[in-house]
Amino acid sequence: MPELPEVEITRRGIEPHIVNKKISSAVIRTNKLRWPFPPALSSKLSGHKILSVARRAKYLLLTTDNGTLIIHLGMSGSLRIVNTSTPAQAHDHFDLIFGKKLMRLHDPRKFGAVLWVKGDPAKHSLLASLGPEPLNNPQFNADYLYACARNRRISIKEFIMNAKVVVGIGNIYASEALFAAGIHPARSASRISLQRYEVLVSAIQSVLSQALQHGGTTLRDFTREDGRPGYFRHELKVYGRTGQPCIHCRRPLRAIKIGQRTSTYCSHCQR
DNA sequence: CAAAGGTCCTGCTCGC
DNA sequence: TGCGAGCAGGACCTTT
C-alpha cells in the first residue's frame, strides 16, 4: 500500500486522536513483523503521553516523553482508530491503547515494522542515510537529482524509487511521475538532461500532491484511520492500466519488469 | 505458479 | 592487490 501520500494521509488521520493523549498500554499479537518488536514495549509506552506525530520518508514517528515509536507500514499495512471494545481480526498485530480508543496496526504481509528509539529518531540507523523529502523541500530539485545521477547506470525508475536518492516514491508514483514527465522508465538515470530533471521534479511533486488531495491510492489494503479508502486510484494514468490506451496517444500501454517491479508506460509518449 | 503498494542484506563487479 | 561504490538478486509474508 503505502507510499508517501498514504503514509502522510495516515499521519494526518491518527494525529488528532493520539497527540497529547496518554498511552494506557500496548498489545502485541504476533511474534514479529519485519523485525521483532522492541523488548518490553508496553512498559516503555504505558503512562507516557504522545507529544507529536511526525513522518520521515515512509516512517511514522510517534514521539513520547520517553522515546519515539517508529512505525513502517511495509507493503500492506494500515492503521485504524477504533473503540477498545472492537475485537481484533486476523492480521491485527499491534494495538496502542488510549483509554476508550486504540490505534490498531493491520498488516497481512507483515513487511511492516514497529521500532523504538530513545533520543533523536533521525539518528536511527534506518533513517540516518535517507535522501531528501520530495514535497515542500527546496533541497529536492533538478540540480540535486542531476548531480546524484552522475555515474549511475541504473534506470531512472529504480533511481527515484531509491530512498537514498529521494524518499517516499514507490512503484505507483514512480510510474505515474515518469509518464507525466514523458521519460521512459528504463532510461539510464545518467542519460537524462538537467532540463528533463526539471520536468521530472515537477511531475513527482505534482503527482504526490494530487494523490494527497485525493486521500491516497487504495488498491486493496490501504484504508484511512476511519476505514475510508483513498480515491487517487481513479486518477492513475498508467499504473494498473497495461493494455489500455494511453490517455494522450491512444496506443496500448506496455508493461516491463524493471528491478523485479512491473512498470507500465507508453512507448510512444515516454522516451 | 505469478504478483501485489517496500526495502534491507548479501555478495558480486567495476574502476581507481 | 585492495578498497569502496554501485548494482542485481534474494529474502521476508499472506492473499488473490
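Residue numbers start from 1 in every chain, and the chains themselves are labelled A, B, ... in the order their sequence lines are given, proteins ahead of strands.
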Query - More than 12 heavy atoms from other groups under 6.0 Å of CZ on A:Arg191 - result: no
Report task. Please report the closest heavy-atom contact between A:Ile50 and A:Leu96, naming both atoms and the distance. Result ->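 Scanning both residues completely, I find the closest heavy atoms to be CD1-CD2, 4.5 Å.
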Separation of atom [atom1] in [X] from atom [atom2] in [N], rounded to whole Å:
X        : N      : atom1 : atom2 : answer
A:Ile258 : B:dA3  : CD1   : P     : 15 Å
A:His106 : C:dC13 : NE2   : C1'   : 13 Å
A:Phe222 : B:dA4  : CZ    : P     : 20 Å
A:Gln260 : B:dA2  : CD    : P     : 13 Å
A:Asn162 : C:dG9  : CG    : P     : 16 Å
A:Leu115 : B:dT7  : CG    : C1'   : 13 Å
A:Arg261 : C:dA11 : CZ    : P     : 17 Å
A:Phe159 : C:dC7  : CZ    : C1'   : 14 Å

Where do N or O atoms of nucleotides 14-16 of chain C meet protein N or O atoms at under 3.5 Å, pair by pair?
unit_1, atom_1, unit_2, atom_2, d
C:dT14, O4', A:Pro108, O, 3.3
C:dT14, O3', A:His91, NE2, 3.4
C:dT15, OP1, A:His91, NE2, 2.9

Under 4.0 angstrom, heavy atoms only, what part of the nucleic acid is [X] near: base, sugar-phosphate, or nothing?
X        : answer
A:Tyr59  : sugar-phosphate
A:Leu126 : sugar-phosphate
A:Ile154 : sugar-phosphate
A:Arg233 : nothing
A:Lys257 : sugar-phosphate

Answer with yes or no whether the side chains of [Y] and [X] bring together a donor and an acceptor at under 3.5 Å.
X        : Y        : value
A:Lys100 : A:Thr84  : no
A:Ser209 : A:Gln213 : no
A:Lys49  : A:Thr64  : no

Can a side chain N or O of [X] be found less than 4.0 Å away from OP1 or OP2 on [N]?
X        : N     : result
A:His72  : B:dG6 : no
A:Arg153 : C:dA5 : no
A:Arg152 : C:dC7 : yes

What is the ring orientation for [X] with [Y], classed by angle as parallel under 30°, tilted 30 to 60°, or perpendicular over 60°?
X        : Y        : answer
A:His184 : A:Tyr265 : tilted
A:Tyr173 : A:Phe232 : tilted
A:His93  : A:His91  : perpendicular

Any non-hydrogen side-chain atom of [X] less than 4.5 Å from a side-chain atom of [Y]?
X        : Y        : answer
A:Tyr239 : A:Thr264 : no
A:Leu130 : A:Lys164 : no
A:Val7   : A:Leu60  : yes

**Report entry** Ranges pairing with ranges for DNA chain B, where each run has three or more Watson-Crick or G-U pairs under 3.5 Å
**Finding:**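 The stems are B:2-4 with C:14-16, B:6-16 with C:2-12.
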Query raised in the report: P atom, B:dC9 versus C:dC13: distance in rounded Å?
Result: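 Taking atom P in both B:dC9 and C:dC13, they lie 16 Å apart.
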Query raised in the report: Does A:Phe111 stack onto the base of B:dT7, taking stacking as ring centres under 5.5 Å apart and planes under 30° apart?
Result: no
**Report entry** Cluster check A:Leu45, A:Leu62: I/L/V/M/F/W/Y, side chain < 4.5 angstrom
**Finding:** yes
Query raised in the report: Is a side-chain N or O of A:Asn137 found less than 3.5 angstrom from the main chain of A:Gln139, in a donor-acceptor match?
Result: yes
Query raised in the report: Near DNA chain B, under 4.0 Å by heavy atom, which residues of residues 141-150 of chain A?
Result: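 Hits under 4.0 Å, by residue number: none.
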Report task. Find which nucleotide of DNA chain B each of A:Thr262 and A:Trp35 is nearest to by heavy atoms, and output the residue with the more 5' nucleotide. Result -> A:Thr262
